[in-house]
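Heads up: numbering here begins at 1 and tracks the sequence. Since we're looking at a predicted model, the values are computed, not measured.
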Amino acid sequence: MIKESISSRSTVSRRTFLAGAGAAAGIAALAGITGCAPSTTAEKASESGQTADSYVYAKKQSDVSDREQLSTDVLVVGGGGAGICAAISAAENGAQVILAEKLSQLGGATILSGGAIPVVGTKQQTEAEVEDSIFAMATDILRPTNYTVRADLVYTVAERAKELIEWTEQKGVVWTLDERGRFGQTARRMHIAEGTGDGLVNTLIEHMTAQESITQMLSFEIEGLVLDDSNAVAGAYGTYDGKKYAVTAKNTVLATSGFANNPDMIAQYCPETADAVKVVALGATGEGIKWAEELGVELQCMGAYQGHAFRGVDSNTTAGHQALATNGAIIVNANGERFVNEYGGYSDLSPHVLAQPDHIGYICFTDIQASKSKEFADRQSAGYVATGATAAELAEALGIDAVALEKTFDAYKAGIEKGEDAFNKSNLPENFDGPYYAMKITGEIRHTQGGMPTDVAGHVVRPDDTLIPGLYAAGGCTEGFSCRAGSVYSSGNGLIQALLFGMIAGRNAAAEDRTTAQIAVWENGESGK
């Protein structure tokens with residue numbers, strides 16, 4: 001059993017909160033809980049002369065007494081992967097659960113995902129004779145962030161992902177180890193659910209629906225949290241079936257997703273993605289994040305997101321062009337200019353493409369790269385591929401400047417001959433001789449990776465290292481660990497964050513009393529229940 005290390009005091013310093021992380025990982029510097037948001041809604045209210053009780057969203061129990069009343073042990077707000085896992089986990093631990101989802105169907109961002117998560121130590125890895133370690137997985141996540149994200153969250157995920165795999169297998173999910181490695185990962189550790197995101201969600205929903213202790217309430221628009229006289233969270237209120245309701249709960253879990261479908265919040269926090277193609281959950285509108293902020297939370301990593309650089313403009317689909325890029329293709333803009341080292345993650349490259357004229361890039365390649373792409377033949381037969389025997393002919397097919405494109409191709413060829421590319425690109429091809437091919441691409445945004453900070457047990461935490469009594473959170477509405485800001489992203493981070501911390505938050509929400517619950521500290525391989 002994993003031991004929970006808890007401070008006996010009412011507050012825990014930020015230094016204590018991350019105790020042991022540096023020792024275990026050999027990390028010199030760790031990011032604390034604070035640092036991404038300027039001022040909270042509560043502070044703004046104070047500056048304007050409002051009292052602490054003058055909330056925009058939260059209401060006291062006395063203010064919702066005239067509504068239809070419901071009562072439960074655990075209220076889960078949001079029906080994506082995090083909310084579904086939280087509801088199942090809470091029910092398994094003896095709680096009566098209401099799951100409230102504002103849309104008419106469950107699934108959230110999880111149903112849109114590839115259903116893949118990084119996991120170490122599974123039977124699937126053992127059968128494939130894959131050598132891997134918790135340290136390697138954690139380091140692969142921390143490295144591209146320059147070790148600036150919360151190591152306690154990362155190590156909790158690395159240590160407990162195997163537990164999640166086994167837990168979901170008990171619910172009927174079938175996981176298969178990916179046949180290939182992923183960019184930035186030093187071992188084959190991506191496990192893919194049968195049926196990808198859709199299959200994963202539907203299997204979990206089927207299991208959840210069979211649980212008599214879980215009441216699913218779809219099209220229930222929660223509008224804010226309910227506070228008791230001590231300002232602890234005592235449930236939520238909203239509108240269901242045309243009637244106004246208040247739900248009283250012993251503990252509440254927010255699984256309300258991020259804000260990728262909220263243009264105002266995107267403009268505020270991730271403006272470089274404003275013109276990206278949105279492949280996002282409809283319900284990812286950020287209200288849960290705002291509810292927590294006005295209770296004194298300092299939002300974290302709000303500029304972080306998962307993008308995708310390879311949206312096919314002509315096909316209007318996400319294209320699997322990363323194999324082209326990692327095997328020597330180059331990307332140019334409408335002026336025929338190359339602008340980035342193409343050997344990067346699909347998310348990392350997305351803002352570079354979006355920054356080009358009209359947010360367009362052209363991925364240019366030869367038969368060498370085409371032979372390594374599973375999608376090339378289908379894309380070509382569908383008419384999405386421009387061709388040319390020479391750079392000039394390709395430029396004419398694309399409608400861009402021929403002289404500039406020829407110059408770009410010649411420079412790349414010279415770099416290949418020297419073995420030293422101008423963009424410090426690795427894995428250079430044998431040559432870059434025609435015939436040439438190109439496809440038009442733009443960038444996507446998939447989901448945001450910032451929100452309210454939690455401890456490793458799923459409690460929502462204030463900047464003074466006190467928790468908000470009665471409030472837990474998981475998934476896209478919480479602080480992520482992909483980066484502090486920007487598009488740095490390791491495959492599977494968002495989904496493993498949602499599923500694992502949903503499981504953890506639901507379990508603790510069922511087991512704990514909000515008047516006595518305390519912050520859980522990750523410490524040298526030990527994390528919250």
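Side chains of Thr256 and Trp291: a donor-acceptor N/O pair is absent below 3.5 angstrom, by distance only. Checking Tyr305 against Ser350 by side-chain atom types alone, no donor-acceptor pair falls below 3.5 Å. Side-chain contact, Lys102 with Thr285: a donor N or O sits under 3.5 Å from an acceptor N or O. For the residue pair Asp513 and Thr515, a side-chain donor N or O sits within less than 3.5 Å of a side-chain acceptor on the partner. The closest side-chain donor-acceptor pair between Glu92 and Trp167 falls under 3.5 angstrom.
Here the two rings, on Tyr269 and Phe259, have centers that are under 6.0 Å apart. Aromatic rings of His447 and Tyr489 (six-membered ring for Trp) have centroids within the 6.0 Å cut-off, being under it.
Counting non-hydrogen atoms of neighbouring residues, nucleotides and ligands closer than 6.0 angstrom, the CD atom of Glu206 reaches no more than 12 such neighbours. Surrounding CD of Glu166 are more than 12 heavy atoms belonging to other residues, nucleotides or ligands, all under 6.0 Å away.
The side-chain hydrogen bond (donor to acceptor under 3.5 Å, both in side chains) test applied to Thr252 returns no partner, not counting sequence neighbours.
At least one donor-acceptor pair closer than 3.5 Å links the side chain of Glu101 to the backbone N or O of Gly79. No donor-acceptor distance shorter than 3.5 angstrom exists from the side chain of Thr448 to the backbone of Gly450, with no hydrogens or angles considered.
Taken from CZ in Arg189 to OG in Ser133, the straight-line distance is 7.5 Å, to the nearest 0.5 Å. Taking OG of Ser482 as the reference point, atom CD1 of Ile141 lies at 8.0 Å (rounded to 0.5 Å). Put simply, CD on Gln96 and CD on Glu212 are 9.5 Å apart, with the number rounded to the nearest 0.5 Å. In this structure, Gln125 CD and Lys162 NZ are separated by 10.5 Å, a value rounded to the nearest 0.5 Å. Between the CG atom in Asp132 and the CZ atom in Arg188 there is a gap of 11.0 Å [rounded to 0.5 Å].
Classification of Lys244 and Asp66 as a salt-bridged pair fails, no side-chain N sitting under 4.0 Å from a carboxylate O. Between Arg150 and Asp152 there is a salt bridge, since at least one side-chain N of the basic residue sits less than 4.0 Å from a carboxylate O of the acidic one. With respect to Arg311 and Glu444, a salt bridge is recorded, a charged nitrogen being found less than 4.0 Å from a carboxylate O. The residues Glu287 and Lys290 are annotated as not salt-bridged, no charged nitrogen and carboxylate oxygen being separated by less than 4.0 angstrom. The pair Arg143-Asp140 counts as a salt bridge, with a side-chain nitrogen and a carboxylate oxygen less than 4.0 angstrom apart. Ion pairing of Asp228 with Arg514 is present here, as a side-chain N (NZ or NE/NH1/NH2) and a carboxylate O approach within less than 4.0 Å.
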Starting from the C-alpha separation in whole Å, work towards a yes-or-no answer on side chain to side chain contact (heavy atoms under 4.5 Å, CB included) for Leu106 and Gln216. CA-CA 10 Å; Leu106 302 172; Gln216 301 174 38; 3.4 Å; yes

Derivation and outcome, side-chain hydrogen bond (donor to acceptor under 3.5 Å, both in side chains), residues Tyr472 and Glu512: CA-CA 11 Å; Tyr472 301 73; Glu512 295 179 340; 2.5 Å; yes

Just do the side-chain hydrogen bond (donor to acceptor under 3.5 Å, both in side chains) check on Asn146 and Thr148 with the steps written out, would you? CA-CA 6 Å; Asn146 292 322; Thr148 58; over 6 Å; no

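Geometric assessment of Lys59 against the ring of Tyr237 yields a positive cation-pi assignment under the 6.0 Å and 45° thresholds.
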